[in-house]
Each structure stands twice: as C-alpha cells, then as structure tokens.
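Read through the structure below, which is laid out as structure tokens, and then see the notes.
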2 protein chains.
Amino acid sequence: MARTSHRTAARAVEAQRRIREAGERVTTPRSAVLAALLAADHALTHHEVEEALAPVTPVDRVTVYRVLDRLVATGLAHRIPGEDRTWRFGANRRGPGGAHAHFTCSGCGRTVCLEETEVPAAVKVPRGFVPQRIELTVQGLCAACR
Amino acid sequence: MARTSHRTAARAVEAQRRIREAGERVTTPRSAVLAALLAADHALTHHEVEEALAPVTPVDRVTVYRVLDRLVATGLAHRIPGEDRTWRFGANRRGPGGAHAHFTCSGCGRTVCLEETEVPAAVKVPRGFVPQRIELTVQGLCAACR
DNA sequence: GGCGCGGATGCAACTCGGTTGCGTCTGCCT
DNA sequence: AGGCAGACGCAACCGAGTTGCATCCGCGCC
C-alpha cells in the first residue's frame, strides 16, 4: 500500500513537472488527468479517465474533455481514433512527435501503444498528394484475450 | 447526358449483380447505396450516401446505416474510421479482404483508398499478441487542396 | 503575503452520428 | 399466386463530444 501511494505521488509530481515545462498552468484537473494517463498501461477513453479520477479527484466531464484536448495540443499526450467511434488518449512518454503504431484488441477493446513497432517513414501516394502523418493500427487479440 | 445515364444504369446493374452474387436479397436501397459507393471517387460518409441518393431514390437514414453495415458484413464494402469520429464507406472493387491504405486530406476531409499502396504484411507486436488486421492511414493534403 | 486578471473550471443545455423497437412491406422460394 | 423471413420506414432513444456562461483560482506582480 505504502509502495502504491509512493508511486501515485511520484506520478503526480512527474505530471506537474511535465505540465509546467510545457508552459501550461498547473491545475488540479490537469495533473490528475496526466497522472492517470501516465499510470495507465493502455490508452484511455475520456470515460475511463473520468472514472479513474472520480474516487480521488472528481473532475467534471467537460473539463476532462478540455484538459485532454489541451494535453494533445501541447504535445503531452496523443489521441488515437478507435473502431468504436471514441478517442483514446495516451501520454507521450518520450516527448512529442514520436510516431508509433497502435494495437487494438478486438476482445477487450483496449488499445496499447506499440512503442517498439516502427511506422513506415514514407508511402506511395497519388501524384500531387502530400503526406504529413502516417498512422499504423493493428487489430487483433492481446495476450490476455487470446 | 446520355453517356452519364448509361454509366449510371451500368453501375446499378453492376451493383445488383454483386449483391446477388454475395447471396443477398436485391432491394432498391441496397443497389442504390452500393451503386453510389461504386460511383464515388472517395469513401463516403453515411450522410454523403444519403444525400447522393435523395434526388433519385430517397432512402431512410436508418436504412442507409443498416445497408452499409450489411455491405461491410458481406465484404462488398469496407468501413474506414475517421479523425472526425464518423465512418466512411468504400466499395470493395477487388473482392473482399484486399488490404489497402487510406489517405485522408486535412483540407477537404475526404478519404480515398490507396489501392496502390501496400500495407506492411507483418509488424512486431508484444509477446502473446495476435495481429489479425493491419490498417495504414495517411494524413496530408490531396492534390486539389495543396 | 495579498491583489488582480486572464485563463480554467463547472454546470446546463445542446448537437449529431449512430442505434433500437416495432409495425408494415416485399423479394424470393415454392 | 401465396406465404414468410427478412428488409424497410418511422419515431424515439443513446452517448460521445461541444458550447455558452457565470464563477473560481493559478500565477505574475507589487
């Protein structure tokens, strides 16, 4: 238990540090949301974030949306479009712009960032098209659901 | 004009043929929807389908959804999740299962199928994970929006 | 340490893509 | 032609995300 709260506290501090370094105001909802993303082993939906926060630091639904948007805008997190029409959010553990693939489990619906999997750097596109960002998503079964 | 209606008629026939061959009932909404997908040069949203049909064969909103779902289920079309939380649908011109990449223009929001662009056949995933489908999406500007 | 202000939060109401339930209609098999 | 399972249309619903606005508070400044 002591171990856990140590980790939790450390993550809160880490979240605050990142927010401050990004030049953003450090507020309770922001550090709580970012700490939740950092703590998670998979990308969280807005709703999962809200749930994770509820017992300790209840945050308004709308605020969660706005905070997540802000984190994405400042490069502290990234947004992953999902098969189920909802977005998932993951902390950018290695700074902004690190392109990586995502794995979505069709069993449990969880999405994880595949930090190890490289995304093709360039693709063939029709004449006149200008590619800017390449996204790679893998569907399948995770180890637990297999 | 005569040319155009010839093409339109030909596409309707083609759509009906495909539906019949898939072992599905041939109904007016189904052939109209599939014909619209075949006629389009980019993947259509549910709303675009409805609009395209309205002048000639008005089809109920809900029916469009159900028809599109069915076409996807039978492999006649495929569904592409978009950045804007809506789905786009494209006809499967070369039979089912042809994995291909998609290009989404951040200017006009259109999504086109890149039939020429190959998707990596395999990717590195964590131990125990079983990949089933790989999706590659490119964001950028299309020739018209550049 | 406290003051002020602009940005952040919370609340309520709203939008919109997509879904569900149900009664009626129709493609297709015989 | 007749019948029935499956498709259609309508209306009501759901839930993710957004907007407007009044209040609050982090943080720079004194």
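In the text below, chain A, chain B and the rest are named by the order of the sequence lines, each starting its count at 1.
Taking B:E21 as the reference, B:R17 meet the side-chain contact (heavy atoms from CB on, under 4.5 Å) condition, with sequence neighbours excluded. In this structure, the side-chain contact (heavy atoms from CB on, under 4.5 Å) partners of A:A35, at least two apart in sequence or on a different chain, are A:A15. Partners of B:H46 under the ring pair (Phe, Tyr, Trp, His ring centres under 6.0 Å) rule, at least two apart in sequence or in another chain, are B:Y65. For B:T63, the side-chain hydrogen bond (donor to acceptor under 3.5 Å, both in side chains) criterion is met by no residue, not counting sequence neighbours. Legend: residues meeting side-chain hydrogen bond (donor to acceptor under 3.5 Å, both in side chains) with A:T86, ordered by chain and number and at least two apart, are A:D84.
The heavy-atom pair separating A:R18 from A:N92 by the smallest distance is NH1-O, 3.2 Å. Between A:I80 and A:A43, the shortest heavy-atom contact is CD1-CB, 3.6 Å. Between A:G107 and A:L141, the closest heavy-atom pair is N-CD2, 3.8 Å.
In this structure, B:R30 reaches the sugar-phosphate backbone alone: every heavy-atom distance under 4.0 Å involves primed, P, OP1 or OP2 atoms, never a base. Using a 4.0 Å heavy-atom cutoff across all strands shown, A:T63 reaches at least one base atom of the nucleic acid.
Of all nucleotides in DNA chain C, those with any atom nearer than 4.0 Å to a heavy atom of chain B start and finish, going 5' to 3', at C:dG17 to C:dC28.
Listed by residue number, the members of residues 38-49 of chain B with any heavy atom below 4.0 angstrom from DNA chain D form an empty set.
Per the geometry, CD belonging to A:E51 stands 14 Å off C1' belonging to D:dA16, to the nearest Å. In this entry the distance linking CZ of A:R66 with P of D:dG20 reads 11 Å, nearest Å. D:dA5 atom P lies 16 Å from atom CZ of B:R70, rounded to whole Å. One interatomic measurement links the two molecules: CG of B:D69 to P of D:dG6, which rounds to 17 Å at whole-angstrom precision. Rounded to a whole Å, the CZ atom of A:R79 is 12 Å from the C1' atom of D:dA16. Across the protein-nucleic acid pair, A:R85 atom CZ and D:dG15 atom C1' stand 8 Å apart, rounded to whole Å. Between the OH atom of B:Y65 and the C1' atom of D:dC13 there is a distance of 14 Å, rounded to whole Å. Atom pair B:L68:CG and D:dA7:P shows a separation of 15 Å (rounding to whole Å applied).
Under the 4.5 Å side-chain criterion, counting only non-hydrogen atoms from C-beta, B:T45 is not in contact with B:V49. Using a 4.5 Å heavy-atom cutoff, the side chains of B:V119 and B:L136 are in contact.
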Reading nucleotides 24-30 of chain D 5' to 3', which nucleotides get B (base under 4.0 Å from a protein heavy atom), which S (sugar-phosphate only), which -? --BS---
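Applying the side-chain hydrogen bond (donor to acceptor under 3.5 Å, both in side chains) test to pairs two or more places apart or on separate chains, those with a residue in residues 135-146 of chain B are B:E83-B:Q139, B:R133-B:E135. Among residues at least two apart or in separate chains, salt bridge (charged side-chain N to carboxylate O under 4.0 Å, His left out) pairs with a member in residues 43-69 of chain A are A:D69-A:R79. Residue pairs satisfying the ring pair (Phe, Tyr, Trp, His ring centres under 6.0 Å) criterion with at least one member in residues 119-140 of chain A, sequence neighbours excluded, are listed as follows: A:F129-B:F103.
Counted by atom type alone, A:H42 and A:H102 present zero donor-acceptor pairs between their side chains at under 3.5 Å.
Remark on the helix from C:dG1-D:dC30 to C:dT30-D:dA1: inter-end axis angle 40°, axes from five-pair C1' superpositions, rounded to 10°.
Take the nearest nucleotide of DNA chain D for B:V62 and for A:V62: the residue whose nucleotide is more 5' is B:V62.
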